[in-house]
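Step one of this worksheet: look at the structure below.
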Amino acid sequence: MWPTLFVLGFRRWSAYRTATLAGAFTNCVFGLIRSAVLVAVVGTAGGALAGYDRSTAATYVWLGQALIGPVQLFGWGELAQRVRTGDIAIDLARPADPMLAYLAADLGRATFALLPRGLPPLVVGALVTGLALPHALAPYALGLASVALATALSFACRWLVNLSAFWLLDLRGPMTLYLVVSGVLCGLIVPVHWFPGWLAAIAAATPFPSMVQAPTDVLMGRSGPQTLAVQALWLAGLLAAGRAGFALGARRLVIQGG
């Protein structure tokens, strides 16, 4: 069942080729802007900042741009929409766990997005600024696993935000708040290592750095298996919370006769 849902997720998103190419182009453009800014910041700091020089700062940017599509850092409201329309009743009647079914489909989406959304920013980065990447194979193998965990983590967080639709009429408020907070704390704007101490402590208490900072560090050879262990722990906790939250929301619908 799960492999089938994975394949269906892949096929569903592979139908939107023009949108995928447009997303890749946008990521490349913003990559040029962000890399110029971060390289300038490092230059202003004297050529090195929190372990990053100009080359590694640019590489961090391009890896982050490559992860935007597969990890899906921005909004998703399909579950909330199904709650509002009542179509969630169909999901409740199916024999499969709804959360795991959506997760399998989302992993299929991410697998499709990996090359057409992830490769172009890396190619542009290699041509414009160069990429400071490891020469050994181990960081890439660990990095692929870290990206998979980051994708699942992103889904788990988006699932929890969508669950608010069981109690709220409009998802825009919670989703906007989530996008702002996660966009900063995940390390998409600047590396988490550049945060002041108090903000770094807040970020460390959330799963958000495990979505961008963690896989980027692994791919750059700055961290290893211990980072994957942290990601796995966050994923287990969030999926457990997601399952419990969905059960509460479904129970509320049943009690109200939904």
Is there a donor in the side chain of Q231 and an acceptor in the side chain of S146, or the other way round, less than 3.5 Å apart? yes
To the nearest 0.5 angstrom, please state how far the OG1 atom of T129 sits from the CG atom of L131. 6.0 Å
Side chains of R158 and Y102, donor plus acceptor under 3.5 Å: no
If we count only N and O atoms by modelled type, under 3.5 Å, do the side chains of T85 and D87 hold a donor and an acceptor together? yes
Note: E78-R12 ion pair, threshold 4.0 Å (strictly below): yes
Enter the distance from M211:CE to L149:CG here, rounded to the nearest 0.5 Å. 12.0 Å
Considering all heavy atoms, the nearest T227-A214 contact: CG2-CB, 3.4 Å
Hydrophobic side-chain clustering at under 4.5 Å (ILVMFWY, transitive links): who's grouped with W13? Put none if nobody. F10, Y16, F112
Look at the rings of W76 and W159 and say which category their plane angle falls in: under 30° parallel, 30 to 60° tilted, over 60° perpendicular. parallel
Just wondering, more than 12 heavy atoms not from L137 lying within 6.0 Å of its CG? no
Pairs involving residues 170-189, ordered by first then second residue, that meet ring-ring contact (aromatic ring centres under 6.0 Å, His included) (sequence neighbours left out): Y178-F208
Take a 6.0 Å sphere around OH of Y140 and say whether it holds more than 12 heavy atoms from other residues, nucleotides or ligands. yes
Tell me whether the count of non-hydrogen atoms from other residues, nucleotides or ligands lying under 6.0 Å of CH2 in W198 goes above 12. no
